[in-house]
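To keep things clear, I will list the structure first and then write my remarks on it.
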Amino acid sequence: MAISVSNLGFVAILVLYCFSISSTEAYDALDPNGNITIKWDVMQWTPDGYVAVVTMYNFQQYRHIQAPGWTLGWTWAKKEVIWSMVGGQATEQGDCSRFKGNIPHCCKKDPTVVDLMPGTPYNQQIANCCKGGVLNSWVQDPANAASSFQISVGQAGTTNKTVRVPKNFTLRAPGPGYTCGPARIVKASKFSTADKRRVTQALMTWNVTCTYSQFLSQKTPTCCVSLSSFYNETIVPCPTCTCGCQNNITQPGSCVDGDSPYLASAITAPAKNNYAPLVQCTSHMCPIRVHWHVKLNYKEYWRVKVTITNFNYRMNYTQWNLVVQHPNLDNLTKIFSFNYKSLNPYGAINDTAMLWGVKYYNDFLSQAGPLGNVQSELLFRKDPSTFTFDKGWAFPRRIYFNGDNCVMPPPDSYPWLPNSSPRQTISILGLTTAFLLSLAFLLVHA
Ligand SMILES: *[C@@H]1O[C@H](CO)[C@@H](O)[C@H](O)[C@H]1NC(C)=O
Ligand SMILES: *[C@@H]1O[C@H](CO)[C@@H](O)[C@H](O)[C@H]1NC(C)=O
Ligand SMILES: *[C@@H]1O[C@H](CO)[C@@H](O)[C@H](O)[C@H]1NC(C)=O
Ligand SMILES: *[C@@H]1O[C@H](CO)[C@@H](O)[C@H](O)[C@H]1NC(C)=O
Ligand SMILES: *[C@@H]1O[C@H](CO)[C@@H](O)[C@H](O)[C@H]1NC(C)=O
Ligand SMILES: *[C@@H]1O[C@H](CO)[C@@H](O)[C@H](O)[C@H]1NC(C)=O
Ligand SMILES: *[C@@H]1O[C@H](CO)[C@@H](O)[C@H](O)[C@H]1NC(C)=O
Ligand SMILES: *[C@@H]1O[C@H](CO)[C@@H](O)[C@H](O)[C@H]1NC(C)=O
Ligand SMILES: *[C@@H]1O[C@H](CO)[C@@H](O)[C@H](O)[C@H]1NC(C)=O
């Protein structure tokens, strides 16, 4: 009986483990409606086109775009040009040689637009602009989850019958990962004045929806999980080569040691790809490691310490977040020094939570080095019907860092409760039985 129950528990963890791996490639089960919606509101027709306000809304619960920010591209349907922009700019002007007098801001068939930086003069700003392309997540910072610019388009349609919506939208963050659908003409947006006594509306509106896939973003994982507990001194490290292997022969300089004299020059050396991490040499080679330590066991509560370590010398993570799935998160009693929100993707099951840093205290995860970590402790209330330290129950089922799945160690390596392996259970059971039998034998024959 004892054997089959523990095997069942093991199979259940194994199934969860496989599920967490395959989820890397599918849509995000913990944020099934997550998307970035780009809305174009035509505010005015002009003699040769229109003026539109373009707004990007980050409707993702826990995935954000940090510095150096988003870039948005599209392909014009006809021969449109951009006369001018406010609160954003095209990265390249392109060939405007056919124009005399007024020269457009951008003549490219496929313009690429970026946000302006904070501190832009007021006459070049509009509401929600000029944040250096940073787009925070909907849960963490809804006030900064939208980004806007204004665009004056020429050589375009001048009525809602003749205007052609742009095609082939691309959103980069600034790396790949997002896929955008076609622009769809929707009901015109309505705007109410500050005193809410008058409502105006756009002349025409179209929406584009972009969704994220970690598989498109990077082929290898970027984050791993290590585990430890008070009841077993084993520290289960991140699986070796989770995010790459140390190989100085085929890939020299793929990592650096923290005490290497070349560290400073390696950090400042121009990388082949600006966003490629420069990681500290570890067996897992991941830029981010999340450590989950089961720290204390009280009568009615138990306590976990979570530490996030940055091994990337080229990245400071601002507004980082963690998504954790664990069956006891429905009874999280207290969290020290992180913010917390329960996520409820399926209504009934309340086992997933988002954690993020406290503003100005630990919302900034420094580049690799002595300051490159943040930590917090979680206090859970035990539910006697489910609580156990056995079979790895106290460890998380799934962890995301900034929306990307963190690779867990294989479940059969989790720290065991002393004497809880199936083999040991049998032998103790066997020994006890033998002892009792011999005791009975002695008693009977006494
Ligand atoms: C995008 O997200 C919003 C907010 O969650 C949701 O209402 C909308 O249906 C989503 N759009 C798509 C195409 O999934
Ligand atoms: C275009 O404008 C006309 C009125 O000029 C309006 O009746 C029609 O609904 C508009 N179409 C769209 C797609 O906005
Ligand atoms: C869409 O954009 C991508 C990247 O900018 C480009 O490779 C592709 O050829 C474009 N497709 C069309 C139909 O314009
Ligand atoms: C278009 O996007 C806006 C802003 O995200 C949203 O409020 C509106 O519901 C969307 N319309 C449709 C039809 O999806
Ligand atoms: C790889 O090279 C780096 C930088 O020279 C060095 O710090 C590291 O120890 C080397 N790793 C191995 C496994 O030789
Ligand atoms: C990270 O932030 C520190 C302190 O603000 C700064 O000195 C360092 O250059 C930053 N590193 C990167 C890679 O941006
Ligand atoms: C989920 O659990 C959290 C933490 O105990 C609680 O605050 C929240 O109200 C719960 N939500 C639902 C829908 O049960
Ligand atoms: C939280 O713990 C208490 C005490 O054990 C239990 O009665 C309650 O059902 C738990 N809540 C949930 C949502 O499991
Ligand atoms: C601790 O857990 C490991 C599995 O990770 C196991 O091999 C070891 O026997 C356990 N130690 C004790 C004292 O039970």
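Every heavy atom of this structure was used, including side-chain atoms; hydrogens, water molecules and symmetry mates were not. Start at 1 and go down the list; that is how both ligands and their atoms are numbered.
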For a quick check under 3.5 Å, do R397 and Q325 share a side-chain donor-acceptor pair by atom type? no
Please work out which of the three classes, parallel, tilted or perpendicular, describes the rings of W40 and W74, given edges at 30° and 60°. perpendicular
Give the atom numbers and elements of ligand 9 that come within less than 4.0 Å of a heavy atom of P415. 2 (O), 5 (O)
Please compare I185, L203, T159 and report which has the shortest non-hydrogen distance to atom 13 (C) of ligand 2. I185
Under 2.5 Å between the sulfurs of C238 and C286, yes or no? no
With heavy-atom distances below 4.0 Å as the criterion, list the atoms of ligand 2 near N160. 1 (C), 2 (O), 3 (C), 8 (C), 10 (C), 11 (N), 12 (C), 14 (O)
State whether the SG distance for the cysteine pair C224/C406 is less than 2.5 Å. no
State, to 0.1 Å, how close T158 and G49 come at their nearest heavy-atom pair, and which atoms those are. CG2-N, 3.3 Å
Please identify which atoms of ligand 9 are closer than 4.0 Å to at least one heavy atom of Y414. 4 (C), 5 (O)
Among non-hydrogen protein atoms, atom 6 (C) of ligand 1 lies closest to N35 ND2, 4.2 Å
Quick one: does atom 9 (O) of ligand 1 have a protein heavy atom under 4.0 Å from it? no
Return a yes/no value: protein heavy atom under 4.0 Å from atom 4 (C) of ligand 2? no
Can you sort out which atoms of ligand 9 are near N232, meaning under 4.0 Å from one of its heavy atoms? 1 (C), 2 (O), 3 (C), 8 (C), 10 (C), 11 (N), 12 (C), 14 (O)
Does an N or O anywhere in E233 fall below 3.5 Å from an N or O of ligand 9? no
Side-chain donor or acceptor of N35 paired with backbone N/O of C210 under 3.5 Å: no
Check: H64 ring centre within less than 6.0 Å of W138 ring centre: no
